*Asks:* 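Below you will find the structure I want to go over with you.
Throughout, protein chains are lettered first and strands after them, A, B, ... in sequence-line order, and every chain is numbered starting at 1. This one's a predicted model, so the numbers in the text were calculated from it and none came from an experiment. No hydrogens, no waters, no symmetry mates; every other heavy atom, side chains included, goes into these values.
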2 protein chains.
Amino acid sequence: MTTIKDIARRANVSDATVSRVINNSPNVKPQTREKVNKAIEELNYYPNSLARGMRSKKTHSIGLLLADITNPFYAETAKTIIERAGNHGYSIILCTTNNDISEQQKYIDVLLQRKVDGFIFASVHWKDPSLSAVIEAGLPYVLYNRKTSAYKRSNYVVLDNELGAYLAVEHLYKLGHRRIALIRGPHTFSTGKERSNGYLKALKEFGLSHDEKLIVQGKYSGKESYDSAMKLFNSNKPPTAIFASNDLMALRAYDAALFCGLSVPRDVALVGFDDIEIASHRAIGLTTVSQNRNLMAEIALDTLRKIIENESPQEPAQVVLKPMLTVRETCGSQMKKI
Amino acid sequence: MTTIKDIARRANVSDATVSRVINNSPNVKPQTREKVNKAIEELNYYPNSLARGMRSKKTHSIGLLLADITNPFYAETAKTIIERAGNHGYSIILCTTNNDISEQQKYIDVLLQRKVDGFIFASVHWKDPSLSAVIEAGLPYVLYNRKTSAYKRSNYVVLDNELGAYLAVEHLYKLGHRRIALIRGPHTFSTGKERSNGYLKALKEFGLSHDEKLIVQGKYSGKESYDSAMKLFNSNKPPTAIFASNDLMALRAYDAALFCGLSVPRDVALVGFDDIEIASHRAIGLTTVSQNRNLMAEIALDTLRKIIENESPQEPAQVVLKPMLTVRETCGSQMKKI
DNA sequence: TTGTACGCGTTATCAT
DNA sequence: ATGATAACGCGTACAA
């Protein structure tokens, strides 16, 4: 293993000078710089990040915590973050929590030991004690997608989920639907709770009765929402439309509908949330609430970078993005006969 | 920041003893151990991974290089690797190369600086000079999914891609198809080349003529294969069936078919490769070549761990998994009239 | 502009 | 079973 000392010897300078060259210090004579660079080339030297991190207290690494990388929403935002981070000299240590708060806790501890420069969370629970370790350590962090109950003191970039859900239900209402079901996400996450709120708000505004039998539970991944949709279809008064708290859940409901011999949208209309890539496939054509994932991810990363690099404890950056409804085939375009 | 020294003082022992406790050395009196643990608790101490890595020459981190995390195949294998690695005390630094060899080179350099204990590659090109830096550094690495031309000297776990493609074409042939097109993946990857070979082998075996007009080019992600499929459909002698080199490409072809007003499978049959989750959705029902992704990912990680932890330069672990054809709806079940 | 010398936090070696 | 000390590779005050 070749170190800074080897380069120093080879170039007939001191370690300090080599260090200066590596770190682009202005105070080094062009000739010396060249001598050193030549030695670096010849010996195929590259600096040791561990040693640099120890001295400089900066590792140029960031912990990224996601619920589930197989969910396209997370995969796409992770891609954006990883690439953008790489362009700025940061590496991403990726952890997937499966929405398990104790797993998240463990990962946080590990990342703290590894001296990451900061955290990006897309995985937080509404009540999330695991963040306190990060706060105690004084490390910067940014939330995206979800926020915690302590959001007022955090940096975050989220969607106006309530509005998104409202738009979805409004669309269904205007198409003539009156029995609109909700497959809700877990209320232990801000997204789940807020989207449910948007659904309820729309119901209220349009004078629709709040029927508990039309609200079923789902998880963001896994097949629980398939079963929940089945329950809906098999009830004695099935809904004519379903709003699901994310696209994966809507897709499961779609699958269940087909299993029941139901036609979408003729027998049941469907709206999802996220606008994942497959939603636009012509065999699916899922009407859904779109959000600008990439922008969200970019803002999250850039915010964190700014905090890391400025050090100054500035006021929290809190961004709320606006959703859009993307209309495709799963709701049809005709008025429903009431 | 509390260090080992603080603990030592607090517990009235030496740094060395604290270190022994942390590392579960057997040579420490139970009472002392307890004293130390108490101090650790009280001062909320956790060790610094950078310092440990410097001394012990082990960082318990692994570089994982993927082409594209938004491809479900990679997302699912990454999930498996991350979780399994976490359970064994390893962190994963994830890098996405976009199939760009110079990006990969850059990431490798960064990971070398970071002193990862080893590499897992799912992103290699058939001719891939970027790996030489890893080899020179003497670091262990394992390939999965794809291999390089130097595979005989590598550890790898891959699928029998040729067999997979053969099974796909065989299925189509037995259903009566005689004009079977191929949307091939890039031949710069072993997967692309091998799957094309399987296609050709089947053609030959069944006495079908090798028609260059039936072979079009695609990339594993992006929409190039949509355009390629369009070319196929708009030709003067369109195929009655298409085999695509992965599911994402097959899905694009499906989309193109629907755009052209073609019915799947009535007008054109479709087979993909990978069996990603959405393939089994009832609105899609993609017939495809299945592979045991999780097993592949597990073997890749476990192999690497074994090498890292044994240190002994054992002989390469080389595993070739067998594919299976999963028949769904996109080929129909009836014989094609010839 | 360059060099000297120390310290970051830990583990390994050698004593005791 | 425990302690003293050196060393890992680098950056940075300070001196020259």
*Asks:* When the distance from CG of N12(B) to P of dA4(D) is rounded to whole Å, what number comes out?
*Replies:*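 So the two atoms are 12 Å apart, to the nearest Å.
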*Asks:* In this structure, how many angstroms lie between the C1' atom of dT12(D) and the CZ atom of R52(A), rounded?
*Replies:*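 Rounded to whole Å, this separation is 14 Å.
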*Asks:* Measure from CZ on R20(A) to C1' on dC10(D) and round the result to the nearest Å.
*Replies:*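 Between C1' of dC10(D) and CZ of R20(A): 13 Å.
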*Asks:* In whole Å, what is the span from the CD1 atom of I4(B) to the C1' atom of dT5(D)?
*Replies:*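 About 14 Å, once rounded to whole Å.
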*Asks:* Quick one: D15(B) CG to dA1(D) P, roughly how many Å, whole number?
*Replies:*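 One finds 20 Å between P of dA1(D) and CG of D15(B), rounded.
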*Asks:* Could you state the NZ-C1' distance from K57(B) to dA7(D), rounded to the nearest angstrom?
*Replies:*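 Roughly 9 Å, once rounded to whole Å.
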*Asks:* If each of R33(B) and P47(A) is mapped to the nucleotide of DNA chain D with the nearest heavy atom, which maps nearer the 5' terminus, i.e. the 5' end?
*Replies:*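 Nearest-nucleotide comparison on DNA chain D picks R33(B).
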*Asks:* Would you mind reporting whether I93(A) and R114(A) have side-chain heavy atoms less than 4.5 Å apart?
*Replies:*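 Yes, close enough: below the 4.5 Å cut-off.
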*Asks:* Would you kindly give the CD1-to-C1' distance between I7(A) and dG11(D), to the nearest whole Å?
*Replies:*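 Between C1' of dG11(D) and CD1 of I7(A): 16 Å.
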*Asks:* Rounding to 10°, can you tell me the angle the first-five-pair axis of the helix from dT1(C)-dA16(D) to dT16(C)-dA1(D) makes with its last-five-pair axis?
*Replies:*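 Inter-axis angle at the ends, rounded: 30°.
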*Asks:* Indicate yes or no: at least one non-hydrogen side-chain atom of Q113(A) is less than 4.5 angstrom from one of N48(B).
*Replies:*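 No, side chains not in contact.
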*Asks:* Quick one: do D109(A) and K106(A) make a salt bridge, cutoff under 4.0 Å?
*Replies:*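 Salt bridge: no.
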*Asks:* Evaluate the ring planes of Y151(B) and W126(B), with Trp represented by its six-membered ring, and classify them as parallel (under 30°), tilted (30 to 60°) or perpendicular (over 60°).
*Replies:*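 Rings of Y151(B) and W126(B): tilted, as their planes differ by 30° to 60°.
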*Asks:* Under a 4.5 Å cut-off applied to non-hydrogen side-chain atoms, are C95(B) and L111(B) in contact?
*Replies:*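 They are in contact (side-chain heavy atoms under 4.5 Å apart), so the answer is yes.
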*Asks:* Students often mix this up, so state it plainly: with edges at 30° and 60°, are the rings of F189(A) and H125(A) parallel, tilted or perpendicular?
*Replies:*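 Judged by the thresholds at 30° and 60°, the geometry between F189(A) and H125(A) is perpendicular.
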*Asks:* Heavy atoms from C-beta onward define the side chain here; which of dC10(D), dA1(D), dG9(D) lies closest to that of K29(B)?
*Replies:*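 Per side-chain heavy atoms of K29(B), the pick is dA1(D).
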*Asks:* Name the nucleic acid region contacted by N27(B), choosing base, sugar-phosphate or nothing; use a 4.0 angstrom heavy-atom cut-off, strictly under.
*Replies:*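 N27(B): base contact, heavy atoms under 4.0 Å.
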*Asks:* May I ask you to decide whether E42(B) forms a salt bridge with K38(B), counting only side-chain N to carboxylate O separations under 4.0 Å?
*Replies:*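 Answer for the salt bridge query: yes.
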*Asks:* Counting only side-chain nitrogens and oxygens, does S19(A) get under 4.0 Å of the OP1 or OP2 atom of dG11(D)?
*Replies:*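 Yes, within the criterion.
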*Asks:* Using a 4.0 Å heavy-atom cut-off across all strands, classify K5(A) as base, sugar-phosphate, or nothing.
*Replies:*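 Contact class for K5(A): none.
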*Asks:* What's the shortest heavy-atom distance between L321(B) and N292(B), and which atoms?
*Replies:*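 Shortest heavy-atom separation between L321(B) and N292(B) comes out as CD2-O, 4.3 Å.
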*Asks:* Taking only the side-chain nitrogens and oxygens of Y45(A), find out if one of them lies under 4.0 Å from OP1 or OP2 of dC10(D).
*Replies:*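 Checking dC10(D) against Y45(A), a side-chain N or O does come within under 4.0 Å of OP1 or OP2.
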*Asks:* Taking the side chain as every heavy atom from C-beta outward, state whether T77(B) and N294(B) have any atom pair closer than 4.5 Å.
*Replies:*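 A side-chain contact under 4.5 Å is absent here.
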*Asks:* Using a strict 4.0 Å threshold on nitrogen-to-oxygen distance, state whether D117(A) and R305(A) make a salt bridge.
*Replies:*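 Salt bridge absent between D117(A) and R305(A).
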*Asks:* For chain A and DNA chain C, what are the first and last nucleotides along the strand, 5' to 3', with at least one atom under 4.0 angstrom from a heavy atom of the protein chain?
*Replies:*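 First-to-last contact on DNA chain C, by the 4.0 Å heavy-atom rule, is dT1(C) to dG9(C).
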*Asks:* Check the distance between dT2(D)'s C1' and K35(B)'s NZ and give it to me in whole angstrom.
*Replies:*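 These atoms are roughly 10 Å apart.
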*Asks:* Name the nucleic acid region contacted by V13(B), choosing base, sugar-phosphate or nothing; use a 4.0 angstrom heavy-atom cut-off, strictly under.
*Replies:*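 Contact class for V13(B): sugar-phosphate only.
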